Number of protein chains: 2
Amino acid sequence: MSTERRPAETPALAELLSGSCYCLATRRASRRMVRLYDAALAEHGLTISQLALLAWVRYLRKPTVQKIADLMEMDQSALSRGLMPLEREGLITSAPDADDRRKKVLALTDEGGRRLIAAAEDWEKAQEEVTRQQEKLGADVARLMAGINDLAKSEAGSD
Amino acid sequence: MSTERRPAETPALAELLSGSCYCLATRRASRRMVRLYDAALAEHGLTISQLALLAWVRYLRKPTVQKIADLMEMDQSALSRGLMPLEREGLITSAPDADDRRKKVLALTDEGGRRLIAAAEDWEKAQEEVTRQQEKLGADVARLMAGINDLAKSEAGSD
DNA sequence: TCCATATATATGCATATACAGCTAATCCCA
DNA sequence: TGGGATTAGCTGTATATGCATATATATGGA
């Protein structure tokens, strides 16, 4: 079929495009997942990232920017920017920690709490849809997620 | 250890933060991979995305924006913007297709070709590093990538 | 107490990514 | 052949993400 490709100059380059690059494969999977979950949450005006942020703010006793960034294995500056639309729309508020005024302690507003609960129902639908897709594809893919979680389980720690 | 978390209001919310959200887990894995590969390629002034773009431009007989976007399962507009820094830095050129002037046919410059070859060596080092990490974690994770590729193998087709 | 160091956050800058909507070119059918 | 439908690409807008750096606060010695 494919007379459209030219020969590779090095084995590495051939491998890169063959689908075996861990990074490109993972990123492609990520794009696909985000599209699916974001679509499921769109009616609530939230992205999957924003839903996760709201959930962390809800479930940590003292949610700060750096703490959530550590838990999500993200750069603090990215986290900081992700909070802005949520504050702008009145879903969370923030105040300096009395014990350490460098820290910014976050909290859900009532509206933020309602949005979180409502969106979580549609999150679950997306989650179930992926589960069904996995069943169609066989058991290997189920193990996939366990593997990803193992890889990512350097975080853990206390809250 | 963790007295820092509060109880979940719904099972869904507890699950969301437990690490079993396919979307969040995949995205976290993606962030980790991108950091690793981008660091490995930094000395060449390329990101992993840009390396992949150069490789596709090199290996398709008639590389166009939409074709590469389809192959990478990305939105065409995102692809279009990703090409800009590469054109700006003189690594690729573009010209309208003579047969269909809507299409933009891409080509590597000499410098683009050199960068591609040079960066591919360091790509391979990153790839091998991930392989080694997987071995430490056991065989499950090896199967992980096969699963991701199966999931993502709706593209295929002829370039 | 004062300064060097470390920590928490924010900003500047750049890429990555998607969706909606726009224009130009092509295609297809009545 | 004329015009609607389709396709390719671009731009506007918004979030996602990281690195380098700036600022403010805290901390720990000398």
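Since the structure is predicted, the reported quantities are computational estimates derived from the model, not experimental observations. To find a chain, count down the sequence lines: A is the first, B the second, and so on, and within it residues start at 1.
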Is there a donor in the side chain of B/Ser20 and an acceptor in the side chain of B/Ser18, or the other way round, less than 3.5 Å apart? yes
Of the options C/dT9, D/dG18, D/dC10, whose atoms approach the side-chain atoms of A/Asp75 most closely? D/dG18
Hey, what do you get for CG (B/Leu41) to CD (B/Glu121), rounding to the nearest 0.5 Å? 11.5 Å
Indicate yes or no: at least one non-hydrogen side-chain atom of A/Arg58 is less than 4.5 angstrom from one of B/Leu13. no
Do the side chain of B/Arg102 and the base of D/dT7 come within less than 3.5 angstrom through a donor-acceptor pair of N or O atoms? yes
Below 4.0 angstrom from OP1 or OP2 of D/dT17, is there any side-chain N or O of A/Ser49? yes
Taking atom types as they are modelled, would you say the side chain of B/Arg81 forms a donor-acceptor pair with the base of D/dG9 within the 3.5 Å cutoff? no
Provide, to the nearest angstrom, the distance between the CG atom belonging to A/Asp38 and the P atom belonging to D/dT17. 10 Å
So if I take every side-chain heavy atom of A/Gln66 and compare against D/dT11, D/dG9, C/dA8, which nucleotide ends up nearest? C/dA8
Do other residues, nucleotides or ligands put more than 12 heavy atoms under 6.0 Å from B/Glu111 CD? yes
OP1 or OP2 of C/dT15 versus the side-chain N and O atoms of B/Thr47: is any pair under 4.0 Å? no
Relative to the 5' end of DNA chain D, which residue comes earlier, A/Ala78 or B/Asp100, by the nucleotide with the nearest heavy atom? B/Asp100
With the threshold set at 4.0 Å, does a side-chain nitrogen-carboxylate oxygen contact exist between B/Lys67 and B/Asp70? no
Under 3.5 Å, side chain of B/Thr109 to main-chain N/O of B/Gly90, donor-acceptor pair present? yes
More 5' along DNA chain D: A/Ala98 or B/Leu83, using each one's nearest nucleotide? B/Leu83
Between C/dT15, D/dG18, C/dA10, which nucleotide gets closest to the side-chain atoms of B/Arg88? C/dT15
Expressed in angstrom and rounded to an integer, what is the separation of A/Met74 atom CE from C/dT9 atom C1'? 14 Å
Candidates C/dA10, D/dG9, C/dT15 - which lies nearest the side chain of A/Lys104: C/dA10
By nearest atom, which of the nucleotides C/dA25, D/dG9, C/dA16 is closest to the B/Arg101 side chain? C/dA25
Can you tell me how far P of C/dA25 sits from CD of B/Gln76, to the nearest Å? 16 Å
Closest to the side chain of B/Gln50, out of C/dT17, C/dA16, C/dT26, is C/dA16
Answer yes or no: does a side-chain N or O of B/Ser77 lie under 4.0 Å from OP1 or OP2 of C/dA18? no
D/dT15 C1' sits how many Å from A/Arg35 CZ, rounded? 15 Å
A/Leu24 CG - C/dT17 P separation (whole Å): 9 Å
Can you tell me how far P of D/dA8 sits from CD1 of B/Ile68, to the nearest Å? 13 Å
Gap between atoms CD1 and P, on B/Ile48 and D/dT17 respectively (whole Å): 18 Å
Rounded to whole angstrom units, what separation is found between the CZ atom of A/Arg27 and the C1' atom of D/dG18? 11 Å
